[in-house]
Amino acid sequence: MVPPGNGNGAAAAAGGNDVILELSTPGDDWSHELQGDDVEANGGGNGDAPPRRTFSFGQAYKTRHRQPQVFTVWQTLMLGYQSLGIVYGDLGTSPLYVFPSVVLPDADATDFLGILSLIIWTLTLMSLVKYALIVLKADDHGEGGTFALYSLLRQHVNFKGNIPVPLTRLESDVHLKFHSKRRSRPSRLQLFLENSPKAQLAITIIVLIGTCMLIGDGALTPAISVLSAVQGIQSRSSHIKQKHVVGLSAVILVLLFLVQRFGTSRVSFTFSPIMLLWFASIAGIGVYNIVMHYPPVLKAVSPHYIYYYFAKNKRVGWEQLGAVILCITGAEAMFADMGHFNKSSIQVAFSTAVFPSLILAYSGQAAYLIKNPGDLSTAFYSSVPAPLFWPMFVVSTLAAIVASQSLISASYSIIRQSIALGCFPRTTVKHTSDKYEGQVYCPEINYVLMVVCVLITVGFQGGPEIGRAFGVAVIWVMLLTTTLMTVVMVVIWEVNGALAGGFFVFYLAIEGTYMTSLMTKVPQGGWVPFAITVAFLSVTLSWTYGRKKKREYEARHAVGDGEFAGIVSRSARVPGMCLFCTDLMDGVPPIVRHYAANTGSLRELLLFVTFRTLPVRTVLAGERFLVAREGARAGVYRCIAQYGYMDEQDMVGDDFVRAAVAALVEVAAAAAEADSGEEEAEMIGRAPASGVSYVIGRTVLRMRRRARNWPKRFVINELYRFLQKNFRSNVSTLKLDHAKTLQVGMIYEI
């Protein structure tokens, strides 16, 4: 969009510059004078970025927590402590089920040392090196997860063509504070991606699959963690059957999901002491078992024991990799949950508490099993000293409940990012913290996960199928993350191609080996994560396809200049201001034609507002708006309101209107001749006092019956319509003032 200049020579020369609205103190309400300091701050003092005109409005409209947060050492330590209860529950409770999941007849010291060596090196290379030291650096201004990687790529690579996730790119995007700066000389990979719609589509599909897989983790993690902990009680009484364990686990899982509404912060402060006690307990018991049973067990840190293990067991040993991979379940939550905390706090907690405790716990179990190989199927509880069994059973059960939290919280963050980028239907997103903006709760997603989790628990009756399903989901998420990270390294970090290729080949070899073992388990429960992925992917693709068709219809049936002039001349102009909310960034939406035909009147001030979500974490309030006049007609303007995927779109109250009016006055005065400009500016200034209304379309897509279009017709007429009717409307998502909002229904025949 190209706003007009401000009437003087300098501004006229820069007529293509963006109009940026910036906020100041409350005393500057309704002021729109150009500030010298603001010009310099926004690029007016250098030649690298075009100058941007800055307008000041009320402090009340300023979005909270939009400046990059700087954490003190104490805050980092406190967040690290909280992360124990949110991020590391899943990873921390893996000792409950890793060794018991191994099926190795007549195992001896060579086998246990080999398995321990595999666990140590898998934890080190995957959790410590890959995630804690590398992947966490690929955050999008503090936000993590698969969509954060995708967001970074879309800020550097101009995605275009027919891809599922929509985005319109403007030249002004690169000047936003939270938009990563593009390199001056693009790499060959970047040029290839920008010129290859197929490669862009492949990356987008990888992101969507990885996202859906991670949500599947959110249903599988609680099931396996709670079941593994509760099953320990069977070793103390023959009267307790598997059906009792499954029933108790289902009750615990339901209670876990019900407490999610209290928010990440409250839940983590409740859970973190439990996890701190858990890590201390497993580390202490591990040291006890090492000393009492086999002190040299830590020699398994040498990888040559892995060779001995495979040389002895061959195919049977390879099949056990599906159990070994469970030692890093939950590592992906370190990245996905970053928005709830920060990078440093997650790294501190992992390196000082989680990693050492896990190494000691697994080493202790291996030392015990070397002397007691017959207890392999109950390795965790059998290795606990008898006097500590019941205390550890209680702590284990509580820790297993906590373990479920990491992927549940990650699912909320992912869904919020997906909604903001337009590739998932609108659900309720509640902010649960005044201090940390990334802590959110999605009630609908919470209850869907609860139902799926309970069905998995009851359906498989706590059998080994859940572990197999869990392993398949984990390894696929890690493979997809490795692929995206390699692209990020080359395109964004400008890492040497050979080093990035080495990273990709190295981790592809490790994760691919685990994947080959796990794929043989697909018929025995490994199909579950794929089924969950297909379900969520169907929702995502149906929604994005329907939204795309809606945008295409509106673009084709937009009101032309001549037709709009006729509509204006035939309609009575009444005092006041009307904001038409539309997805069109250019042109007059067809809903205006329908509105005018049924009401016979238009407000004297019309503003077409397009809400645009950028693939950045946040857009500062000072960079929020782009404003311009719509053609040469008096009283008709257009505004693009820009948001990041972590921002809220809030139009309740008068602040949005006050900000828009102040910008419109400036544009009117700069675009027209002095006399008429003053008259129009006066009209704009007084229009809100006569009433403000919001008009939003409630459209229904309907695809006509044609030969061989039944798959598309099914998606539009059935799936998309179902999602549109049963999820939240755009009125509730935009947070409009319902007393001033008018919905206009219209059927789009496509």
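These figures come from a predicted structure and were not determined experimentally.
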Tell me, do [X] and [Y] make a side-chain contact under 4.5 Å, heavy atoms counted?
X    : Y    : value
V568 : L602 : yes
C578 : V695 : yes
L541 : V715 : no
Y545 : K712 : yes

Hey, could you give me the [atom1]/[atom2] distance between [X] and [Y], rounded to the nearest 0.5 Å?
X    : Y    : atom1 : atom2 : answer
I209 : F536 : CD1   : CZ    : 15.0 Å
L607 : Y637 : CG    : OH    : 10.0 Å
L579 : T741 : CG    : OG1   : 10.0 Å
I750 : N717 : CD1   : CG    : 7.5 Å
E718 : R713 : CD    : CZ    : 9.5 Å
I445 : I215 : CD1   : CD1   : 6.5 Å

Test side chain to side chain contact (heavy atoms under 4.5 Å, CB included) on Y595 and I567; report intermediate values, then the result. CA-CA 10 Å; Y595 172 83; I567 291 174; over 6 Å; no
Name the orientation class of the two ring planes belonging to Y553 and Y748 (parallel below 30°, tilted from 30 to 60°, perpendicular beyond 60°).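 Geometry flag for Y748 against Y553: parallel rings.
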Are the side chain of [X] and the backbone of [Y] linked by a donor-acceptor contact shorter than 3.5 Å?
X    : Y    : result
R698 : V744 : no
Q200 : L193 : yes
R593 : H557 : yes
S542 : V539 : no
T540 : F424 : no

Ionic contact status for K549 with E552, cut-off 4.0 Å: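 So E552 pairs with K549 through a salt bridge.
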Using the rule ring-ring contact (aromatic ring centres under 6.0 Å, His included), only one of F608, F564, F611 pairs with F580; which is it?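 The residue from F608, F564, F611 that satisfies ring-ring contact (aromatic ring centres under 6.0 Å, His included) with F580 turns out to be F608.
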Taking all non-hydrogen atoms of both residues into account, name the closest pair between [X] and [Y] and its distance.
X    : Y    : result
Q724 : V700 : OE1-CA, 4.3 Å
E604 : R573 : O-NH2, 2.9 Å
I716 : G546 : CD1-CA, 3.7 Å
L149 : V488 : CD2-CG2, 4.0 Å
R638 : V588 : NH2-N, 4.1 Å
M577 : V661 : SD-CG2, 3.9 Å

Run the numbers on L719 and S538 for side chain to side chain contact (heavy atoms under 4.5 Å, CB included), then give the verdict. CA-CA 9 Å; L719 295 181; S538 299; 5.6 Å; no
In this structure, are over 12 heavy atoms from other groups packed under 6.0 Å from Y447 atom OH?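 Yes.
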Determine, step by step, whether Y150 and L484 satisfy the side chain to side chain contact (heavy atoms under 4.5 Å, CB included) criterion, reporting the C-alpha distance in whole Å, the side-chain angles of both residues, the deciding distance to 0.1 Å, and the verdict. CA-CA 8 Å; Y150 188 60; L484 291 173; 5.8 Å; no
